[in-house]
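Read the numbers this way: they start at 1 and go in the same order the structure lists the ligands and their atoms. It should be emphasised that the depicted structure is a prediction, and the values quoted were computed from it without experimental measurement.
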Amino acid sequence: MSTPLIYMDHHATTPVAPEVFQAMQPYFTTDFGNAASKTHVFGWKAEAAVEVGREQVAALLGIAPESLIFTSGATESNNLALFGVARALKERGNHLITVATEHNSILDPCRALEEEGFRVTYLPVNSKGHLDLNALKDSLTPQTLLVSVMAANNEIGTLAPMKEIAAMTREAGVLLHSDAAQAVGKVPLPVEEWGVDLMSFTAHKFYGPKGIGALYVALRRPAIPLKPLIWGGGHERGMRSGTLNVPGMVGMGRAAQLAQDALEAAGKRVAKLRDELWQGLQNKIPHISINGDTEQRLPGNLNICFQGVPSEKLLMALKEIALSAGSACTSDKPQPSHVLKALGMDDAAVRSSIRFGLGRTNTAEEVAYTVNRVAEAVAEIRAQEGIDF
Ligand SMILES: *Cc1c(COP(=O)(O)O)cnc(C)c1O
């Protein structure tokens with residue numbers, strides 16, 4: 001009998017919820033219209049569906065629907081925020097600030113902007129993954145255009161104090177962007193109360209489809225300057241041209257609605273499973289430690305260093321459990337995680353760390369099974385490596 005597969009990599013992606021899939025289906029077939037077609041009912045239906053999706057996403061975040069620009073996902077939203085603001089404001093300054101533990105869809109655009117002549121400060125973090133707010137304050141200059149800080153880290157789950165950061169950037173008259181790909185639908189995101197100016201989202205991290213996301217741009221007077229990346233038909237108020245992904249937008253909306261309904265209960269349930277997993281592993285396996293913060297952390301995240309156990313070997317030994325050694329977006333390049341390195345961990349510890357990403361579909365039975373299998377595999381690998389604690 002084959003062992004059922006267990007999915008514990010919800011930071012990489014999540015399954016589409018059945019309700020989401022059902023909501024999307026008609027927009028592939030019967031209601032396939034182009035939302036920009038103004039002359040017939042097919043177009044009107046598609047446009048109406050897109051606006052419902054926009055309202056549902058906006059409702060989850062407590063923001064105005066018109067403040068959302070639909071994109072292909074958080075990578076594009078991050079690119080649009082960084083290039084869009086920097087290029088629109090290049091007469092006013094040349095400096096951006098971000099953090100060493102950001103996702104590559106922030107760090108790579110920042111490096112590209114450096115090639116365009118911008119200066120970028122990459123703030124360090126402490127061993128829990130938090131940046132030093134005083135260091136942020138000190139690095140703000142009259143040339144600074146934008147600060148970008150992720151709301152929740154995709155490897156270690158550390159939550160940033162966005163409200164404090166926003167108070168600081170507002171006082172300095174600098175725009176604040178946040179990559180909230182991991183935070184949305186997992187923890188409350190009172191975007192307006194925080195005062196964040198731009199925020200990136202992606203549906204596939206909260207049980208919606210892949211290939212659809214959004215950038216929130218606060219409605220201000222005068223408008224926040226933003227130069228589009230993709231030009232063409234002027235869709236999304238000129239900020240993102242291209243025929244709208246109608247099923248995707250419908251799905252993202254439905255996923256947002258489900259997330260809103262379940263936010264508190266699902267968060268508590270997932271956090272409980274995560275704590276059981278950590279307790280179980282700790283009881284059975286010596287010499288393990290948590291990477292990141294135990295308090296300010298995403299409910300489903302656990303990142304553990306198993307001393308003396310190379311992570312590839314552990315992942316190979318646990319073929320029936322989907323886990324990861326770090327960000328899915330960089331795992332084809334066998335480089336040690338830049339996030340764990342930024343915590344000050346040595347190379348051996350970085351290479352012995354595994355990310356567990358629990359989600360809505362996981363059960364207590366799966367957690368118990370995982371504890372036993374990981375304990376077995378760790379003991380075996382340590383024996384092979386000749387390590388005897
Ligand atoms: C997944 C992820 C992204 C990329 O999102 P896509 O929609 O897959 O492009 C960006 N930032 C963070 C923090 C992520 O977790």
4.0 Å heavy-atom contact, His204 with ligand 1: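 His204: in contact with ligand 1 (<4.0 Å).
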Ligand 1 N/O within reach of Ala74 N/O, cut-off under 3.5 Å: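 By distance alone, the answer is yes.
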N or O pair under 3.5 Å between Asp179 and ligand 1: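 Such a contact does occur with ligand 1.
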Under 3.5 Å donor-acceptor, Asn126 side chain and His130 backbone: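 Yes, because the side chain of Asn126 sits within donor-acceptor range (under 3.5 Å) of the backbone of His130.
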Is [X] touching ligand 1 with its side chain, its backbone, both, or neither, if touching means heavy atoms under 4.0 Å apart?
{"X": "Thr75", "value": "both"}
{"X": "Ser105", "value": "side chain"}
{"X": "Glu76", "value": "neither"}

Check against salt bridge (Lys or Arg N to Asp or Glu O under 4.0 Å), Arg373 and Glu376: CA-CA 5 Å; Arg373 285 288 291 117; Glu376 259 171 38; 3.1 Å; yes
Met150: numbered ligand 1 atoms lying under 4.0 Å from its heavy atoms: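 Those qualifying, in numeric order: 13 (C).
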Ligand 1 atoms in contact with Gly73 (distance to a heavy atom under 4.0 Å):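 Numbered from 1, ligand 1 contributes 7 (O).
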Side-chain H-bond candidate by donor/acceptor type, Thr158 with Gln296, under 3.5 Å: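 Distance-only check fails for Thr158 and Gln296.
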Side chain to side chain donor-acceptor pair (under 3.5 Å) partner of Thr144, chosen from His95, Arg119, Arg92: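 When side chain to side chain donor-acceptor pair (under 3.5 Å) is applied between Thr144 and each of His95, Arg119, Arg92, only His95 qualifies.
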Residue among Asn78, Thr75, Thr202 satisfying side chain to side chain donor-acceptor pair (under 3.5 Å) with Asp179: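 For Asp179, the side chain to side chain donor-acceptor pair (under 3.5 Å) test succeeds with only one of Asn78, Thr75, Thr202, which is Asn78.
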Cation-pi check, Arg360 onto Tyr207 ring (under 6.0 Å, within 45° of axis):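 The answer is yes, since Arg360 meets both limits relative to Tyr207.
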